[in-house]
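Computation of the quantities below employed the complete heavy-atom set of this structure, encompassing side-chain atoms and omitting hydrogens, waters and symmetry-equivalent molecules. All of these numbers come straight from a predicted model, not from anything done at the bench.
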Amino acid sequence: QVQLVESGGGLVQPGGSLRLSCAASGSISSFNTMGWYRQAPGKERELVASLTTGYSANTANSVKGRFTISRDNAKNTVALQMTSLKPEDTAVYYCYATTSRWHWGKGTLVTVSL
């Protein structure tokens, strides 16, 4: 069984920064893609950023230049450095990792507000 645990969410003012982290544990020694989705109130879940094992990145246009994804394959961790945050970045952020199936964390709330 695989568990993904996110940390680092919280309240931040517009223009601020946050770093989200996600640690994967369980019966899987390695993962294919790891990354982050988010879901804002009343909206569908959307991809924020992902990284393959070979560090090929896919980043949403809405966060390019502001968010940076990184991962440590040896530790099965993935992080999301978020800068220049905007109110529209407010959402629950979900970590995910893929093997032959998708595994999800429970999510961490990021609120960007004055």
For the backbone of [Y] and the side chain of [X], can you confirm whether one donor and one acceptor N or O come within less than 3.5 Å of each other?
| X | Y | answer |
| --- | --- | --- |
| N32 | T99 | yes |
| S50 | G35 | no |
| T98 | T33 | yes |
| E6 | K106 | yes |

Query raised in the report: Under 4.0 Å between a Lys/Arg side-chain N and an Asp/Glu carboxylate O for R38 and E46?
Result: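 The answer is yes: the pair qualifies as a salt bridge.
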Query raised in the report: Sequence neighbours excluded, which residues qualify as ring-ring contact (aromatic ring centres under 6.0 Å, His included) partners of Y96?
Result: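 Expected list: Y37, W102, W104.
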**Report entry** Rounded distance (nearest 0.5 Å) linking atom OG of S62 with atom NZ of K86
**Finding:**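 S62 atom OG to K86 atom NZ measures 8.0 Å (nearest 0.5 Å).
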Query raised in the report: Which distance, rounded to the nearest 0.5 Å, do you find between the CZ of R71 and the CZ of F31?
Result: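 One gets 9.0 Å once the value is rounded to the nearest 0.5 Å.
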Query - Heavy-atom closest pair, residues R19 and A79 - result: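 Of all heavy-atom pairs spanning R19 and A79, the closest is NH2-CB, 3.4 Å.
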Query raised in the report: Nearest heavy-atom pair of N76 and M34: which atoms, and what distance?
Result: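 Result for this residue pair: O-CE, 3.8 Å.
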Report task. Not counting sequence neighbours, which residues clear side-chain hydrogen bond (donor to acceptor under 3.5 Å, both in side chains) with Q3? List them please. Result ->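 For Q3, no residue satisfies side-chain hydrogen bond (donor to acceptor under 3.5 Å, both in side chains) once neighbours in sequence are set aside.
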Query - For V112, side chain to side chain contact (heavy atoms under 4.5 Å, CB included) partners two or more places apart - result: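 Per chain and number, V112 pairs via side chain to side chain contact (heavy atoms under 4.5 Å, CB included) with V12, P14, L85, P87, D89, T90, V110.
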Query raised in the report: Within a strict 4.5 Å, meaning less than it, do heavy atoms of the Y94 and L4 side chains meet?
Result: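 No, every pair of side-chain atoms sits at 4.5 Å or beyond.
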Query raised in the report: Out of L47, L51, V78, which residue meets the side chain to side chain contact (heavy atoms under 4.5 Å, CB included) rule with W36?
Result: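 Single pass found, and it is V78.
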